[in-house]
Amino acid sequence: SWLLLALASAVLSPMVMGFRMDFSMLLEPLSFVKVLEWVLAIFAFATCGGFQGETALLVSCKGVVNKTITAAFAYPFRLNTVVFSAPDSEGCGGTWTDVYLTGNFSSSAQFFVTLAALVFLYCIAALVVYIGYNHVYQQNNKFPLTDLSVSVLTAFLWLVSTFVWAKAIADIKVSTGASIIPGIESCQAPGTICHFLSVTSMGILNVSVVFGLLNMIVWAGNVWLIYKDTNLHSQWDRISESP
């Protein structure tokens, strides 16, 4: 164990020795934007990953009058596993079978939420570098170039994940709305009448798309801020100023 401690000390000592806490860097555009990206990632994660809702039907059948049945759904929106149970223990005289919603939108939802979680972690790591190792960041051009590459990729991923998630939300609304009634076989049984009652408002999911777009815009703008810290910018300046 002492050998592991010695190795860890040898690796971490230079990093600790080079750490220079400077919170004034938070006032610099690069750090301020990173804090903004961190906050927006939290909101994108929460508005999508924290959603819970239900859709309700009003059913009348043999021995049952105007019974409300519900199907609860939530992130990651595997609607094909969500079921309307029978209105009564006898299943409307044996005419009712379990009714499942349609569609599995987990891939779109998890793509969006996973990206938000990774961005959250990256922003923390970047802020540690900006605040504690800014002198290293400025002296070694590899750090700005890496930061630039990550920012370009992240802006693109926010664009893709947001539009994919927006499409999934539109499909989720269809799969949980009034249009589900004609597809329910149990509602077509003789003597059975089904009416769509309500579905939880999905305004918060619409807000998650807005946060996705805001993340995309902020990360795209951040590309320019980081680009100015790389030698690519200085090389372009020299080329443009040369006769």
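Numbers here simply count residues along the sequence, with the first being 1.
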**Aromatic plane relationship, Phe77 with Tyr75 - under 30° parallel, 30 to 60° tilted, over 60° perpendicular** = perpendicular

**Asked** Do you reckon Tyr122 sits in the same ILVMFWY cluster as Ile217, going by side-chain contacts under 4.5 Å, direct or chained?
**Response** yes

**Request:** For residues Glu54 and Ala72, report the shortest heavy-atom separation together with the two atoms involved.
**Result:** CB-CA, 3.9 Å

**Prompt:** Is a side-chain donor or acceptor of Thr192 paired with a backbone partner of Gln188 at a separation under 3.5 angstrom?
**Reply:** no

**Message:** Checking Phe84 against Val59 for the side-chain contact (heavy atoms from CB on, under 4.5 Å) test, could you report, in this order, the C-alpha distance in whole Å, the side-chain angles of both residues, the deciding distance, and whether it holds?
**Reply:** CA-CA 11 Å; Phe84 284 107; Val59 178; over 6 Å; no

**Message:** Nearest 0.5 angstrom please: Thr68 OG1 to Asn66 CG, how far?
**Reply:** 8.0 Å

**Message:** How close do Glu37 and Asn215 get, counting heavy atoms only, and between which atoms?
**Reply:** O-OD1, 3.8 Å

**Asked** How far apart are the closest heavy atoms of Ala109 and Cys48, and which atoms are they?
**Response** O-SG, 4.2 Å

**Asked** Going only through I, L, V, M, F, W and Y residues with side-chain contacts under 4.5 Å, is there a path from Val209 to Val164?
**Response** yes

**Message:** For the OG1 atom of Thr176 and the CZ atom of Phe73, what is their distance to the nearest 0.5 Å?
**Reply:** 4.5 Å

**Request:** Check the surroundings of atom CD in Glu185: do more than 12 heavy atoms from other residues, nucleotides or ligands lie under 6.0 Å from it?
**Result:** no

**Request:** Report the distance from atom CD1 of Ile131 to atom NZ of Lys34, rounding to the nearest 0.5 Å.
**Result:** 12.0 Å

**Message:** Other residues, nucleotides and ligands only: do more than 12 of their heavy atoms fall within 6.0 Å of NZ on Lys173?
**Reply:** yes

**Asked** Is there side-chain contact between Tyr130 and Asp147, with heavy atoms separated by less than 4.5 Å?
**Response** yes

**Atom pair CG (Asn206) and OG1 (Thr47), whose distance is rounded to the nearest 0.5 Å** = 10.0 Å

**Taking every non-hydrogen atom, the tightest pair across Ser151 and Ile226** = OG-CD1, 3.0 Å

**Message:** Could you go through Leu57 and Phe196, starting from their C-alpha distance and side-chain angles, then the distance that decides it, and tell me whether this counts as side-chain contact (heavy atoms from CB on, under 4.5 Å)?
**Reply:** CA-CA 5 Å; Leu57 304 179; Phe196 180 77; 3.9 Å; yes

**Message:** Would a single hydrophobic cluster contain both Val160 and Leu213, if residues Ile, Leu, Val, Met, Phe, Trp and Tyr are joined by side-chain heavy-atom contacts under 4.5 Å?
**Reply:** yes

**Prompt:** Under 6.0 Å from the CZ atom of Phe111, do we count more than 12 heavy atoms belonging to anything else shown?
**Reply:** yes

**Item:** Distance (rounded to the nearest 0.5 Å) between Thr162 OG1 and Leu157 CG
**Value:** 10.0 Å

**Message:** Return the CG to CG distance between Asp171 and Asn104, rounded to the nearest 0.5 Å.
**Reply:** 12.0 Å

**Worked verdict on Trp219 versus Val223 for side-chain contact (heavy atoms from CB on, under 4.5 Å)** = CA-CA 6 Å; Trp219 276 92; Val223 169; over 6 Å; no

**Asked** So with a 6.0 Å cut-off around CD of Glu90, is the heavy-atom count from everything else above 12?
**Response** no

**Prompt:** Where is the tightest heavy-atom contact between Ala168 and Ser108, given as atom of each residue plus distance?
**Reply:** CB-CB, 3.7 Å

**With sequence neighbours excluded, residues passing ring-ring contact (aromatic ring centres under 6.0 Å, His included) with Phe43** = Phe211

**Asked** Of all heavy-atom pairs between Thr200 and Gly53, which one has the smallest distance, and what is that distance?
**Response** OG1-CA, 3.4 Å

**Prompt:** Can you find a pair of side-chain heavy atoms, one from Ile169 and one from Trp165, that are under 4.5 Å apart?
**Reply:** yes

**Message:** Is it the case that atom CZ in Phe45 sees more than 12 heavy atoms from other parts of the structure closer than 6.0 Å?
**Reply:** no

**Prompt:** Do side-chain atoms of Thr70 reach the backbone of Ala56 as a donor and acceptor pair under 3.5 angstrom?
**Reply:** no

**Asked** How about Phe163 and Trp158: do any of their side-chain heavy atoms sit closer than 4.5 Å?
**Response** no

**Request:** Compare all side-chain heavy atoms of Leu58 with those of Ile193 and state whether any distance is below 4.5 angstrom.
**Result:** no

**Donor-acceptor under 3.5 Å (Thr55 side chain, Ala71 main chain)** = no

**pair Thr95-Lys62: side-chain heavy atoms closer than 4.5 Å** = no

**Item:** Side chains of Trp96 and Ile69 in contact at under 4.5 Å (non-hydrogen atoms)
**Value:** yes

**Asked** Between Leu101 and Ser175, does a side-chain contact (heavy atoms from CB on, under 4.5 Å) hold up when you go through it step by step?
**Response** CA-CA 7 Å; Leu101 297 178; Ser175 297; 5.6 Å; no

**Prompt:** Okay, side chain of Ser106, backbone of Pro76: is any donor-acceptor separation there less than 3.5 Å?
**Reply:** no

**Asked** Would a hydrophobic clustering, with Ile, Leu, Val, Met, Phe, Trp and Tyr connected at side-chain separations under 4.5 Å, put Leu36 with Val207?
**Response** yes

**Item:** Leu197 reachable from Leu79 in the ILVMFWY side-chain graph, under 4.5 Å edges
**Value:** no

